[in-house]
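Okay, structure first, notes after.
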Amino acid sequence: MGVKVASSIGRSAVRTLREAFQGRITMPEDSGYDAARQVWNGSIDRHPSIILTPAHVADVQAAVRFGRESDLLVAVRSGGHSVAGHSTCDGGLVIDLSGMKGIRVDPAGRRVHVQSGVLWGELDPETTALGLAVTGGLVSSTGVAGFTLGGGLGWLQRKHGLACDNLMLAEVVTAEGVIVTASHEVNAELLWGLRGGGGNFGIVTTFEFRVHPVEEAVLSGARFYPAERAPEILGFFREYQAEGPEELTLGAVLRLAPPAPFLPESVHGRPVVALAGIYAGTEAESILRSLDSLGPPIADLFVPRPYTQMQTLLDRGNEPGAQNYWKAEYLSGLPEEAVSSLLEHLASISSPTSDIKLMQLGGKVAAVGEDDTAYAHRSAPLIVNINARWGDARDSGRHVAWTRSLWDAMQPWSAGGSYTNFMSEDEAGRVPSSYGSHKYERLAGLKRQYDPTNFFRLNHNVKPAGDPE
Ligand code: FAD
């Protein structure tokens, strides 16, 4: 499949499309083009030939057929947060789902129906208004679609599973422009693939999630400690992964203290470790007592608060436009030597806005059978996500080098692969290990069934089985 540039897209094809397409069509000569082509990661600066923003499912079908008939490279975008830059392209077509924002909560059936353009910051208030939630992203500007299709790690994961574990039904527009429903009853293998296999099989237009009761106020937030205490704090984090209740999902963040008003000025710019998370259970006092056993923190933001407030706590510092390079790995454990490697790299961290995040898995993440979803590495107790973030594109080399160096240093504790949603553009070769060979083959078979020409290739790509490429 070739990549065509603006001048070579048939003008008559665009004219014909305009007659039926009810959404927005944006081309390089249009005034809104620069805004429309932006994605979250400022390191990704691409110029598609045409951006189609469907108003409804029939428009999605028309966009797919247009891409196929015009022989264009196609990128699919919902929230635009792909760190790897998969949701845009140079010279091709972007199908931008941001115009499809429907949300319908069914409290009696404990379900929510969500269209693909919805962001977590739009969905969480709708479900929590009815005392319900599904595991969602840590930053509210993240799209429900890409997040869920890759797996979906969030603060409720140990209690309620990943977002993809709660995906009950999906409506999909295939590479042929045909609408297919996937659920446990129909096309169950496709549902299996959509639960972690990413955007490989078609464009999901609607997601149906199982939702769970969530308290009006949940004990959540973060406590900050000086980095000198990191071995002890991370030791606690490790023990709590193994022995803590599944209602508690904790993350640990290592970074330089930001100049935030809740942190004393004396620590601004100094290395700190934070424990962050949610306890969605009834024994809050006992959790607080355990945290208190660590002694006084530099700052304590761990309080009962609305779930939606916790879901926006990390928004600051994660605004779009910064340069980003991420690398992640599932870990089999966090022994003292691993902590030492983390601390050495914290000491040499190359940017005040970069951080190292560790997240507890286990609980309901591990309770789902490894073969039940495409999402893999369920038995890993932890994941490390190394997030380099900086302002000037000319400095990229040293920030990328720092990220790679830490990732290399963590390899002795690798559980065997990475999480596609946290992978960068240069990691295409790691897609098979992020699923494991058995699962990758199963995904390749599904890809062959639903997208034999690899029309949807701008993603953490699974090649159709038998494809010599
Ligand atoms: P997009 O860039 O729009 O899409 C990414 C890819 O998903 C596309 O290239 C396409 O292949 C596929 N896709 C998107 N929409 C569709 C669709 N409707 N149908 C079919 N395929 C589609 N991940 C976590 O697990 N937990 C987190 O807490 C978390 N926090 C994050 C915070 C930030 C600030 C960022 C940048 C990322 C975070 N991520 C997190 C990673 C995130 O899950 C992925 O980047 C995910 O792809 C984002 O989804 P999106 O819809 O915003 O992205």
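First listed ligand is number 1; within each ligand, the first listed atom is number 1. The figures that follow rest on heavy atoms only: side chains count, while hydrogens, waters and symmetry mates do not. The first residue of the sequence shown is numbered 1, and numbering continues consecutively from there.
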Query - Per-atom contacts, ligand 1 versus Ser116 - under 4.0 Å to a heavy atom - result: 18 (N)

Query - Contact check, Phe456 vs ligand 1, heavy-atom distance below 4.0 Å - result: no

Query raised in the report: Does any N/O atom on Gly146 come nearer than 3.5 Å to any N/O atom on ligand 1?
Result: yes

Requested in this report: Answer with yes or no whether the side chains of Tyr325 and Asp426 bring together a donor and an acceptor at under 3.5 Å.
Outcome: yes

Query - Glu246/Lys364 under salt bridge (Lys or Arg N to Asp or Glu O under 4.0 Å): CA gap, chis, key distance, verdict - result: CA-CA 7 Å; Glu246 66 181 27; Lys364 286 284 187 324; 2.5 Å; yes

Query raised in the report: Between Arg111 and Glu208, is a salt bridge (Lys or Arg N to Asp or Glu O under 4.0 Å) present by the stated rule, with each step listed?
Result: CA-CA 7 Å; Arg111 292 287 188 274; Glu208 180 187 315; 3.2 Å; yes

Query raised in the report: Crowded around Arg24 CZ? As in, over 12 foreign heavy atoms under 6.0 Å?
Result: no

Report task. May I ask you to identify the nearest protein heavy atom to atom 11 (O) of ligand 1, giving residue, atom name and distance to one decimal place in Å? Result -> Asn459 CB, 3.4 Å

Query raised in the report: Where is the nearest protein heavy atom to atom 9 (O) of ligand 1: which residue, which atom, and how far?
Result: His86 CB, 3.2 Å

**Report entry** Identified side-chain hydrogen bond (donor to acceptor under 3.5 Å, both in side chains) partner of Gln311 from the options Thr142, Thr128, Asp124
**Finding:** Asp124

Query raised in the report: Does Arg37 pair with Asp90 as a salt bridge, N-O distance under 4.0 Å?
Result: no

Query raised in the report: So, for atom 6 (C) of ligand 1, does the protein have a heavy atom nearer than 4.0 Å?
Result: no

**Report entry** salt bridge (Lys or Arg N to Asp or Glu O under 4.0 Å) between Arg442 and Glu370, worked out
**Finding:** CA-CA 13 Å; Arg442 188 169 163 187; Glu370 181 65 42; over 6 Å; no

Query raised in the report: Is the shortest side-chain N to carboxylate O distance from Glu126 to Arg104 below 4.0 Å?
Result: no

**Report entry** Closest heavy-atom pair and its distance - Ala133, Leu156
**Finding:** CB-CD1, 4.0 Å

Query raised in the report: At under 4.0 Å between heavy atoms, which part of Ser78 makes contact with ligand 1: side chain, backbone, both or neither?
Result: both

Query raised in the report: Of the protein's non-hydrogen atoms, which lies at the shortest distance from atom 41 (C) of ligand 1, and what is that distance?
Result: Asn421 O, 3.4 Å

Query raised in the report: Using the ring of each side chain (for Trp, its six-membered ring), is Trp326 parallel, tilted or perpendicular to Phe422, with breaks at 30° and 60°?
Result: perpendicular

Query raised in the report: Numbering the atoms of ligand 1 from 1, which are under 4.0 Å from a heavy atom of Ser82?
Result: 1 (P), 2 (O), 5 (C), 45 (O), 53 (O)

Report summary line: The closest protein heavy-atom partner of atom 50 (P) of ligand 1 is Gly79 N, 3.5 Å

Query raised in the report: Is the closest heavy atom of Gly151 to ligand 1 under 4.0 Å?
Result: no

Query raised in the report: What's the shortest distance from atom 52 (O) of ligand 1 to any protein heavy atom, and which residue and atom give it?
Result: Gly143 N, 2.9 Å

Report task. Looking only at distances, please establish whether an N/O atom of ligand 1 is found under 3.5 Å from an N/O atom of Val204. Result -> yes

Query - Distance filter under 4.0 Å to Gly152 heavy atoms, resulting ligand 1 atoms - result: 25 (O)

Requested in this report: Examine ligand 1 and decide if any of its atoms is less than 4.0 Å from a heavy atom belonging to Gly198.
Outcome: no

Query - atom 27 (C) of ligand 1 [closest protein heavy-atom partner, distance rounded to 0.1 Å] - result: Leu153 O, 3.5 Å

Requested in this report: Tell me, with the steps shown, if Tyr240 and Phe237 meet ring-ring contact (aromatic ring centres under 6.0 Å, His included).
Outcome: CA-CA 5 Å; Tyr240 242 57; Phe237 173 75; 9.6 Å; no

Query raised in the report: Is the closest heavy atom of Gly137 to ligand 1 under 4.0 Å?
Result: yes

Requested in this report: Check ligand 1 against Arg77 and write out every atom of the ligand that is under 4.0 Å from a heavy-atom position of the residue.
Outcome: 3 (O)

Report task. Look at atom 10 (C) of ligand 1 and say which protein heavy atom is nearest, naming residue and atom and giving the distance to 0.1 Å. Result -> Val76 O, 3.6 Å

Query raised in the report: Any Lys/Arg nitrogen of Arg430 or Glu329 sitting under 4.0 Å from an Asp/Glu carboxylate oxygen of the other?
Result: yes

Query raised in the report: Out of Leu458, Leu149, Thr142, whose heavy atom sits nearest atom 31 (C) of ligand 1?
Result: Thr142

Query raised in the report: Considering distance alone, does some N or O of Tyr419 sit under 3.5 Å from an N or O of ligand 1?
Result: yes

Report summary line: Among His81, Gln115, Met423, the residue with a heavy atom nearest to atom 53 (O) of ligand 1 is His81

Query raised in the report: Heavy-atom contact under 4.0 Å between Gly202 and ligand 1?
Result: yes

Query raised in the report: Is the closest heavy-atom distance from Phe207 to ligand 1 below 4.0 Å?
Result: no

Report task. Look at atom CD of Glu122 and say whether more than 12 heavy atoms of other residues, nucleotides or ligands are closer to it than 6.0 Å. Result -> yes

Query raised in the report: Which of the numbered atoms in ligand 1 are below 4.0 angstrom from a heavy atom of Trp40?
Result: 34 (C), 36 (C)

Query - Heavy-atom side-chain proximity of Glu427 to His460 below 4.5 angstrom - result: no

Report summary line: Output for pair (Lys357 NZ, Asn387 CG), nearest 0.5 Å, gives 3.5 Å

Query - Under-4.0 Å salt bridge between Glu441 and Lys463 - result: no

Requested in this report: Identify which of Phe201, Trp326, Phe147 has a heavy atom lying nearest to atom 33 (C) of ligand 1.
Outcome: Trp326

Query raised in the report: So, is Phe422 polar-close to ligand 1, with some N/O to N/O distance under 3.5 Å?
Result: no

Query raised in the report: For atom 28 (O) of ligand 1, what's the nearest protein heavy atom and its distance?
Result: Leu138 N, 2.9 Å

